[in-house]
Amino acid sequence: MTSTSSSTALRTHSCGELNASHVGSRVRLAGWVARRREHGDKLAFVDLRDYSGVMQCVIDDGADARSEWVVQIEGTVTARPAGTVNANLPTGEVELTDCSLTVLNAAEPPPFPIDQRADEVDENIRLKYRYLDIRRERMQRNLRLRANVNSAIRAAMDEQGFVEVETPLLMPSTPEGAREFLVPSRKEPGSFYALPQSPQLWKQLLMVAGLDRYYQIARCLRDEDLRADRQYEFTQLDAEMSFVNKDDVLDAISRAVMAAARAATGEAPPPIERITWHDAMNRFGVDKPDLRFGMELVELTQVFAGTGFKAFAAAGCIKGLRVDAATYPEAAAMGRNKLDALTDRAKQLGAKGLVWMKVGEAGALDSPVAKFLSDAEKAALVAALGAKAGDLLLLVADEWTTTCTVLGQLRNDLARPPVHEGPYRYVWVVDFPLFVGVNPTTKKPQPGHHPFCHPHPDDLAKMETDPLNVRALAYDLVLNGWELGSGSIRIHEPELQRRVFQLLGIDDETADRKFGFFLQPFKYGAPPHGGFAFGVDRLVAILAGEENIREVIAFPKTQSGLDPMTNAPGPVEATQLGELGLRTLPKPAN
RNA sequence: GGUCCCGUGGUGAAGUUUGGAGUUCACGCCGGCCUGUCAAGCCGGAGGUCGCGGGUUCAAAUCCCGUCGGGACCGCCA
């Protein structure tokens, strides 16, 4: 018998590696019975499946081996008789003949078919029997793709001189930002560790420590509500570099992303383009624009300057979308019910309302508000949007942020293609604002990213006078409308850090209490540094063509944070609680 | 905390709008037949607390209320 890298004590080959070049070889395979086709006592076909694929075995003596039984089959690789080649199977030119079959383990029938049909099975059942779900080709492909991406990322980071460092999972609670998972201390009852939302603090300390370049494929934990692109636990490529500017960081991370993309798809994407945050908001209405399709927001404020229509006259910013009838016939032809639903959606997103107009022949506009607009306004509107007969126009009038975000969301709702369609459009969104909005209670500006982001050097002068228009040296990486990750150049000067804290309303004493262990080291010579982190789950999901990250995570939680397989979370023994100095409260009555 | 959709033999669906016997289809399962199939084919069979609880009704998978579970989204995710 020949042997290969997949050979073990129980097999000489994997199922999927056999082809015409092996004809004549005596081989031994081990795997699961994917399917059995019986033709009487003297002939049966058993499709044997392992991680690598499926091999048809011809059984002459009617051995009993049913679905998902674990068996070992020894046989001779034989070219299939003329007319019986299966072109749909990579191994379809050959089959195993003169077989002897050994049952290694019988099995109960699986609750769902271990093939493509399980894509239709309720996800809860797939998760309850995840070990069976992962036997399927789709999950095998996704998990292996993920492993390849991880390994390409490691290689790219290693090559650039980044040092992989593991940072603690048990750390002090830092109540800013995402809600944390807490871990009670046994030795200090009443005290708690927190699990890291990200290794942010540790990696900056590693820069102070002179490590120069750090990375980690790190698990992060956030106790926030789950979504298609969010799990309690997720994985980031986390990196930090010393003595760098923004371009150094973007370049280093780009190399890792390119390497990951190449590992997944076989080809490197073109250089990642850049857009400023302000342009992204203006043109696409989101800070994570999907560049795979057009339908950009059109500025209309000037068109309605001095209008008699009250809803428009009072607004600081008016923008519109043109739903092109040729490209999106269904959306453009929307009926009254759907337009009402769209208006509700706009209101849910924060708009006061949504103005829709249907374009008729010769620029005629059919709309509940048409009677409030002058002919000149209508003509200017049609011209600005380039509207043609059959198009649907959607207008929002509000302050700038609301106008942009509402239309941006509607643009996505109406026209965004499925994640697996079209090209990969990576984009760096740069020049994020340092502060976003004002805390309603403290009246102080709120950090857009985190309070350690370096302000843009050109905007330092207006930090106190015009804080909301100060840019940060902060940037996001976006792929096909998904935020993959973000980063920034950090503040390394204690004086500037104090200035930012003051703007946020954090005095020296509070800063010391909350971030002391983090700020103290910066007094001992912190190098200029910056870094980045991007979500591996999201990147792999998109590269795998999956709409949600659960499909690229071996054992994910449901939207309510449960694991249908292990039934976690669950109650614990009273003695365990006692050791930790904990007592549970009764559930609130309804 | 909120909005919307879903829950029917092991699996997927139809039935719910307009209440009338657990009815139907496909896959799977069990048995039989079958020597070239490949999601094999043919014949037969078994398998159900219609998520759960309450209400309305002579009668509820179907209508009403509540609840649990799943999904998408808003809030949240510095």
Side-chain angles (χ1 to χ4, degrees), chain A residues 34-48 54-62 66-68 80-89 91-92 95 97 108-129 132 174-180 197-198 200-201 220-232 234 341 344-350 405-406 409 412-413 432 434-437 439 445-453 472 474 483 486 488 500 504 506 514-515 535 547-548 550 557-562 564 567 590:
Chain A
R35 205 160 303 282
R36 185 184 58 154
R37 295 176 292 280
E38 271 192 294
H39 294 257
D41 293 339
K42 292 291 189 291
L43 176 66
F45 298 97
V46 167
D47 289 342
L48 188 68
V54 167
M55 171 58 57
Q56 171 166 289
C57 306
V58 184
I59 309 290
D60 300 317
D61 53 6
R66 308 213 163 193
S67 284
E68 301 310 312
R80 292 198 187 184
T84 66
V85 167
N86 185 345
N88 300 321
L89 221 55
T91 59
E95 62 190 6
T97 56
E108 290 181 17
F112 51 79
I114 310 299
D115 60 33
Q116 275 190 341
R117 285 170 293 181
D119 290 346
E120 309 303 319
V121 170
D122 188 300
E123 195 181 348
N124 212 32
I125 292 172
R126 289 176 56 205
L127 291 181
K128 182 172 178 184
Y129 301 94
L132 297 180
T174 50
E176 276 68 28
R179 188 181 297 111
E180 299 171 316
Q197 308 163 32
S198 82
Q200 182 67 32
L201 306 180
C220 306
L221 299 107
R222 295 179 187 173
D223 188 3
E224 299 290 352
D225 287 359
L226 286 62
R227 289 280 201 287
D229 60 353
R230 280 157 42 181
Q231 282 273 305
Y232 283 152
F234 60 100
D344 288 344
R345 169 81 167 153
K347 286 178 179 167
Q348 187 190 25
L349 291 166
T405 54
V406 170
Q409 190 60 56
N412 276 342
D413 289 352
F432 266 72
L434 188 63
F435 304 108
V436 176
N439 185 308
Q446 306 183 103
H449 187 45
H450 59 59
F452 315 117
C453 279
E483 181 191 327
S486 60
S488 62
V500 170
L504 296 171
I506 302 173
K514 284 184 168 172
F515 305 108
E547 297 278 354
N548 89 58
R550 295 186 297 274
K557 308 270 189 294
T558 66
Q559 194 167 81
S560 55
L562 310 178
N567 288 324
N590 291 318

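Quick note on labels: first sequence line is chain A, next is B, and so on, each numbered from 1.
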key: Out of B:C73, B:A39, B:C77, whichever nucleotide has its closest atom nearest the side chain of A:Arg222   = B:C77

task = Would you mind pulling out the nucleotide paired to B:G45, Watson-Crick or G-U wobble, both distances under 3.5 Å?
result = B:C29

message = So, OP1 or OP2 of B:G70: does either fall under 4.0 Å of a side-chain N or O from A:Thr558?
response = yes

Phosphate OP1/OP2 of B:U37: any A:Arg37 side-chain N/O under 4.0 Å = no

inquiry  = Measuring from the side chain of A:Leu562 (C-beta onward, heavy atoms only), which nucleotide among B:C29, B:A39, B:G70 has the closest atom?
reply    = B:G70

key: Partner nucleotide, any strand, of B:A13 [Watson-Crick/G-U, under 3.5 Å]   = B:U24

message = Does a side-chain N or O of A:Gln559 approach OP1 or OP2 of B:A72 to a distance below 4.0 Å, or not?
response = yes

Which protein N or O atoms sit under 3.5 Å from an N or O of nucleotides 1-8 of chain B?
from, atom 1, to, atom 2, distance (Å)
B:G1, O6, A:Asp225, OD2, 3.4

inquiry  = Using a 5.5 Å cut-off between ring centres and planes within 30 degrees, is A:Phe45 stacked on the base of B:U37?
reply    = yes

key: Same-atom distance (P) from B:C33 to B:A26, integer angstrom   = 24 Å

ask   = Does A:Arg37 come within less than 4.0 Å of A:Asp47, counting only side-chain N to carboxylate O?
value = yes

request  = Check every atom of B:U11, B:C27, B:C74 against the side chain of A:Arg345 and return the nucleotide holding the closest atom.
outcome  = B:C74

query = Using atom C1' of each nucleotide, how far apart are B:U23 and B:C65 to the nearest Å?
reply = 28 Å

ask   = Do the side-chain N or O atoms of A:Arg35 get closer than 4.0 angstrom to the phosphate oxygens (OP1, OP2) of B:A40?
value = yes

message = Any side-chain N or O of A:Ser560 below 4.0 angstrom from OP1/OP2 of B:G69?
response = no

request  = Establish, with yes or no, whether the OP1 or OP2 oxygen of B:C30 is under 4.0 angstrom from a side-chain nitrogen or oxygen of A:Arg66.
outcome  = yes

ask   = What distance, rounded to whole Å, do you find between the two C1' atoms, one in B:G22 and one in B:G69?
value = 24 Å

task = Compare side-chain N and O positions of A:Arg550 against OP1 and OP2 of B:A72 and report whether any pair is under 4.0 Å apart.
result = yes

